[in-house]
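Counting from 1, the numbers follow the sequence of the chain as shown.
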Amino acid sequence: MRNVIYLFLLVIAVGNAQTKMTTAEANILKAKVKSQAASTKTILSDFTQYKHLDFLSNDIETSGKLAFKTPNLVKWEYLIPFKYAIIFKDEKLYINDEGNKSDVDISGSKQFKQLNNLIIKSIKGDLFDDVEFTIAYFKKDANSEVRFNPKNEKFAKFIKSFYITFSQEGKVIEVKMIEPSEDYTRILFHNRIVNNPLPDAIFAH
């Protein structure tokens, strides 16, 4: 009986294992994603976010909408279970916490600039910068997962690793940010609409 259980667990482990891509496979993925990113001018998408904290038995789930407009307008709007909006615009971070508005000037912060750049590039999928990151490529079921480890020590104090899952078409379908504590945030994108006109009013603050 013990051998049967061991075999069953081994089959599960092998079935869930991720296979590292060959250099040729990674290059094909990069070309596909870069092509998608280059042609992407706007993105409107629903998202579901899961915040995993080690001391909690269940992840904290929130959901809302993401809006992106080239070159660098980003709005995260949380709708459930609370209303909270964050806008990255003109080197400022605008926050609307259920009507209580504030802003933060990030022009003098290299870490915030890196974070903003990371967010924009990860939304579009064009994050293959091996100067800033150590990058590894994996097959994940029918999709692809790319893992980014920041080389900058100061930035690594905020984010230990950054995983992006791409669909077969090269679209970003999931982002996972792992903190040095091993707590992490997973964001799943769905109902994604690309290159529809987005009025500037969406990014008003």
Side-chain angles (χ1 to χ4, degrees), residues 18 20-21 23 26 29-30 33-34 36-38 40 43 45 47-56 59-62 64 66-78 84-97 100-138 140 144-166 172-189 203 205:
Q18 293 174 334
K20 196 163 187 178
M21 287 186 179
T23 301
L29 173 66
K30 284 192 285 186
V33 171
K34 282 180 175 289
Q36 283 273 352
T40 299
I43 298 173
S45 177
F47 69 86
T48 304
Q49 177 177 300
Y50 300 92
K51 177 66 176 181
H52 176 84
L53 299 171
D54 188 55
F55 60 87
L56 295 179
D59 293 348
I60 301 169
E61 181 178 343
T62 52
L66 162 75
F68 165 78
K69 186 174 183 178
T70 191
N72 56 7
L73 292 176
V74 180
K75 180 179 181 179
W76 294 92
E77 185 177 14
Y78 293 84
Y84 186 90
I86 305 171
I87 299 174
F88 288 89
K89 181 180 178 181
D90 300 328
E91 295 194 328
K92 279 194 174 183
L93 182 66
Y94 296 93
I95 301 168
N96 186 340
D97 185 358
N100 297 315
K101 297 183 178 182
S102 60
D103 60 78
V104 180
D105 185 352
I106 63 174
S107 60
S109 172
K110 185 178 180 180
Q111 278 71 44
F112 263 113
K113 282 185 176 181
Q114 285 179 314
L115 178 61
N116 187 33
N117 190 46
L118 181 68
I119 290 170
I120 291 171
K121 287 191 172 184
S122 63
I123 291 168
K124 295 180 68 175
D126 188 11
L127 199 64
F128 304 113
D129 184 356
D130 55 7
V131 174
E132 296 288 340
F133 300 95
T134 300
I135 306 175
Y137 302 85
F138 295 87
K140 185 180 180 183
S144 305
E145 181 179 85
V146 184
R147 301 178 182 180
F148 303 84
N149 293 321
K151 295 179 180 180
N152 184 294
E153 292 183 1
K154 289 184 178 179
F155 193 62
K157 290 180 179 179
F158 297 96
I159 298 177
K160 178 183 176 182
S161 298
F162 200 84
Y163 296 1
I164 301 181
T165 302
F166 297 95
V172 178
I173 57 177
E174 180 179 339
V175 172
K176 182 177 181 181
M177 293 173 283
I178 304 172
E179 300 167 23
S181 64
E182 299 299 335
D183 292 333
Y184 59 83
T185 301
R186 289 176 61 234
I187 303 174
L188 280 65
F189 298 100
F203 304 95
H205 46 83

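Here the closest non-hydrogen pair linking D103 and K92 is OD1-NZ, 4.0 Å. Closest non-hydrogen pair, A156 versus P180, comes out as O-CG, 3.4 Å. Nearest heavy-atom pair across S122 and V172 is O-CG2, 3.3 Å. Closest non-hydrogen pair, K151 versus F133, comes out as CE-O, 3.4 Å.
Atom CD of E179 is separated from atom CG of D54 by 11.5 Å, given to the nearest 0.5 angstrom. Atoms CD1 and NZ, on I43 and K69 in that order, are 13.5 Å from each other to the nearest 0.5 Å. Here T48 contributes atom OG1 and R186 contributes atom CZ; the two are 10.0 Å apart, rounded to the nearest 0.5 Å. With values rounded to the nearest 0.5 angstrom, T62 atom OG1 is found 11.5 Å from Y84 atom OH. From M21, atom CE reaches atom CZ of F138 across 9.5 Å, with rounding to the nearest 0.5 Å. The CD1 atom of I60 sits 5.0 Å away from the CG atom of L53 when rounded to the nearest 0.5 Å.
Counting heavy atoms from C-beta on, the side chains of H205 and N96 never come closer than 4.5 Å. Looking at E132 and F148, their side chains never come closer than 4.5 Å, going by heavy atoms from C-beta outward. When side chains are defined from C-beta on, L93 counts as touching I86, because their heavy atoms get closer than 4.5 Å. For the pair E182 and K160, the minimum side-chain heavy-atom distance is below 4.5 Å. Side chains of E145 and R147 form a contact here, defined as non-hydrogen atoms less than 4.5 Å apart. Side-chain contact between Y163 and V175: absent, with no pair of heavy atoms (C-beta onward) separated by less than 4.5 Å. Annotation: side chain of I135 is in contact with side chain of V146 (closest heavy-atom distance under 4.5 Å).
Panel note: side chain N72, backbone D90; no donor-acceptor pair is recorded below 3.5 Å. Side chain of N152 to main chain of K154: a donor-acceptor pair is present (N/O by atom type, distance under 3.5 Å, no hydrogens or angles).
For V33, the side-chain contact (heavy atoms from CB on, under 4.5 Å) criterion is met by L29, F128, F166, not counting sequence neighbours. Partners of F47 under the ring-ring contact (aromatic ring centres under 6.0 Å, His included) rule, at least two apart in sequence or in another chain, are W76, Y78.
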*Can you list the steps and then say if V74 with F203 is a side-chain contact (heavy atoms from CB on, under 4.5 Å)?*
CA-CA 8 Å; V74 180; F203 304 95; 5.8 Å; no
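A side chain to side chain donor-acceptor pair (under 3.5 Å) with H52 is found for one member of D59, D183, T185 and no other, namely D59.
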